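Start at 1 with the first residue, then count along the sequence. Please read these numbers as outputs of a predicted model, since none were measured by experiment.
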Amino acid sequence: MEILKIGQRLIVNADDFGHSKEINMAIAEAFKNGWITTASIMPNMSGFEEACSIYYELNLCERLGVHLNLTEGRPLTESIRRMKNFCDLDGFFSFKLPMNTIFLSDEIRHVIRVELDAQILACLKKGIYPTHINSHHHVHTIWPIGTEIIALAKKYGIPGIRPSRNIGNGIVLYKQLYKFIYNSRLCFHRVRRTKFFGSAKDVLSNKRQIRDSTEVMVHPRLGPNSEVKDYDLCGDNLVDIIGKLRFHES
């Protein structure tokens, strides 16, 4: 039974596709049952090749974005491995930049751009043309990294970038201001994917109904009986969460 259809106000996107075999299985099951509309793939993680196979097996054309990653696993490029703010001595990501970073040197921005470019190219080489961009641990919302990602979206014709979280509880005033400015920049460059973004918990805690385009982030995981759960809402089956979200959309 298909629960969600592409083009509705509500987009349910599964992050971390390609992270591992277990997560790939959960996301594949979610696609098969119509519990998610799109997913985002991680080109530098161990499950990337399997995720690409699932992409073709399930005919996920125009339903896959790229989940750019600077925080976990091994980079695809050599230059960033020598940067102590990004990698440990073994060459694995160990991200140390504060989320409120406003300025980065030209050298660091170049290294970031080269790595993220390589991650997008890894998708393209597999015949996957991303429909959107987001990032692991939301590093694309760091201002100078966001600048590089906007440029890459334009370079490769990727139409949508996930906005900074702007629904749900616990967003203090100064963060609301930053998010408004950041999301306005995406609008200015015509790459903002949706008007609103948050987790399933954020949306379900929001008292208003979904009246504008909204992306809901989920992290499907397999439970002990092979049921698909959302990691962000531990214990809740994904199908039950989707039913609640659709009630908010109506």
Side-chain angles (χ1 to χ4, degrees), residues 1-19 23-43 45 47-48 50-69 119-120 122-124 126-138 140-141 149 152-153 156-167 183 186 191-203 210 212-221 228-233 238-239 241-246 248-249:
M1 177 178 67
E2 186 172 6
I3 297 176
L4 297 168
K5 295 181 182 295
I6 298 172
Q8 293 178 312
R9 294 189 303 271
L10 180 65
I11 296 174
V12 179
N13 187 88
D15 286 359
D16 298 352
F17 195 35
H19 184 282
I23 292 175
N24 287 347
M25 292 173 61
I27 290 177
E29 190 67 20
F31 267 125
K32 291 176 184 177
N33 286 281
W35 299 333
I36 57 176
T37 46
T38 58
S40 306
I41 195 168
M42 305 178 78
M45 298 301 288
F48 176 65
E50 180 187 49
C52 291
S53 297
I54 294 171
Y55 169 85
Y56 285 104
E57 177 188 344
L58 299 183
N59 189 24
L60 299 178
C61 182
E62 297 186 358
R63 301 187 71 176
L64 210 61
V66 58
H67 198 53
L68 295 176
N69 184 10
Q119 292 185 22
I120 295 173
C123 295
L124 297 178
K126 291 291 185 180
I128 297 172
Y129 297 89
T131 60
H132 59 277
I133 293 175
N134 49 50
S135 66
H136 205 39
H137 301 133
H138 310 294
H140 73 285
T141 63
I149 289 175
L152 288 170
Y156 290 107
I158 301 173
I161 297 175
R162 171 182 285 171
S164 183
R165 171 180 171 252
N166 55 2
I167 50 177
N183 292 341
L186 295 183
V191 290
R192 181 168 169 172
R193 191 183 189 203
T194 57
K195 186 172 182 178
F196 296 103
F197 163 71
S199 68
K201 183 178 180 180
D202 291 329
V203 175
I210 298 171
D212 297 290
S213 60
T214 301
E215 179 188 352
V216 180
M217 168 188 67
V218 294
H219 292 88
R221 301 290 191 273
V228 180
K229 296 180 177 293
D230 182 11
Y231 179 78
D232 297 318
L233 289 170
L238 188 58
V239 63
I241 295 169
I242 297 305
K244 296 174 183 176
L245 290 173
R246 288 306 305 272
H248 272 56
E249 186 191 24

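Under a 3.5 Å cut-off, the side chain of Asn24 and the backbone N or O of Gly47 do form a donor-acceptor pair. Between the side chain of Arg63 and the backbone N or O of Ala39, no donor-acceptor pair lies under 3.5 Å. Using a distance-only test at 3.5 Å, with no hydrogens or angles considered, no donor-acceptor pair links the side chain of Asn13 to the main chain of Thr37. In this structure, the side chain of Asp230 does not engage the main chain of Met217 through any donor-acceptor pair within 3.5 Å. In terms of modelled atom types and a separation under 3.5 Å, the side chain of Thr214 and the main chain of Asp212 share a donor-acceptor contact.
Scanning all heavy atoms of the two residues, the minimum distance from Gly18 to Met45 falls at O-CB, 3.3 Å. The two residues Pro43 and Ile41 have their closest heavy-atom pair at CD-O, 3.3 Å. Minimum interatomic distance between Ala200 and Ile241 (heavy atoms only, all atoms of both residues): CB-CG2, 3.7 Å. Contact between Ile23 and Pro220 at its shortest, heavy atoms only, is CG2-O, 4.2 Å. For His132 against Leu64, the heavy-atom pair with the smallest separation is CE1-C, 3.8 Å. The minimum heavy-atom distance linking Ala153 with Ile133 is given by the pair CB-CD1, 4.0 Å.
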Practice problem: Start with the C-alpha gap between Ile36 and Leu238, add the side-chain angles, then the distance that decides, and say whether side chain to side chain contact (heavy atoms under 4.5 Å, CB included) holds. | Solution: CA-CA 9 Å; Ile36 57 176; Leu238 188 58; 4.2 Å; yes
**OP:** Assess whether side chain to side chain contact (heavy atoms under 4.5 Å, CB included) is satisfied between Phe17 and Ile54, documenting all intermediate values.
**Re:** CA-CA 10 Å; Phe17 195 35; Ile54 294 171; 3.8 Å; yes
>> side chain to side chain contact (heavy atoms under 4.5 Å, CB included), that's the test. Do Ile120 and Leu68 meet it? Break it down for me.
In response: CA-CA 8 Å; Ile120 295 173; Leu68 295 176; 4.0 Å; yes
Checklist entry - Between Val203 and Ile167, is a side chain to side chain contact (heavy atoms under 4.5 Å, CB included) present by the stated rule, with each step listed? => result CA-CA 7 Å; Val203 175; Ile167 50 177; 3.4 Å; yes
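One distance of note links CG of Asn69 with CE of Met42; it measures 4.0 Å at 0.5 Å rounding. Put simply, CG on Asp202 and CZ on Arg165 are 4.0 Å apart, with the number rounded to the nearest 0.5 Å. Taking NZ from Lys126 and OH from Tyr55, the interatomic distance works out to 13.0 Å, rounded to the nearest 0.5 Å. Distance check: Asp15 CG to His138 NE2 gives 7.0 Å after rounding to the nearest 0.5 Å. Atom-to-atom distance recorded for Leu186:CG and His140:NE2 is 7.0 Å, nearest 0.5 angstrom. To the nearest 0.5 Å, the span separating CD on Glu57 from CZ on Phe31 amounts to 12.5 Å.
The shortest distance between side-chain heavy atoms of Arg193 and Thr38 falls below 4.5 Å. Residues Ile11 and Ser213 fail the side-chain proximity criterion, which asks for heavy atoms closer than 4.5 Å. Annotation: side chain of Ile149 is not in contact with side chain of Arg162 (no heavy-atom distance under 4.5 Å). Inter-residue side-chain proximity for Val228 and Asn33 is flagged as unmet; no heavy-atom pair is nearer than 4.5 Å. No side-chain heavy atom of Pro163 sits under 4.5 Å from any side-chain heavy atom of Thr141.
Side chains of Asn183 and Ser164: a donor-acceptor N/O pair is absent below 3.5 angstrom, by distance only.
Using the six-membered ring where Trp is involved, His67 and His136 have ring planes that are perpendicular, over 60° apart on the 30 and 60° scheme.
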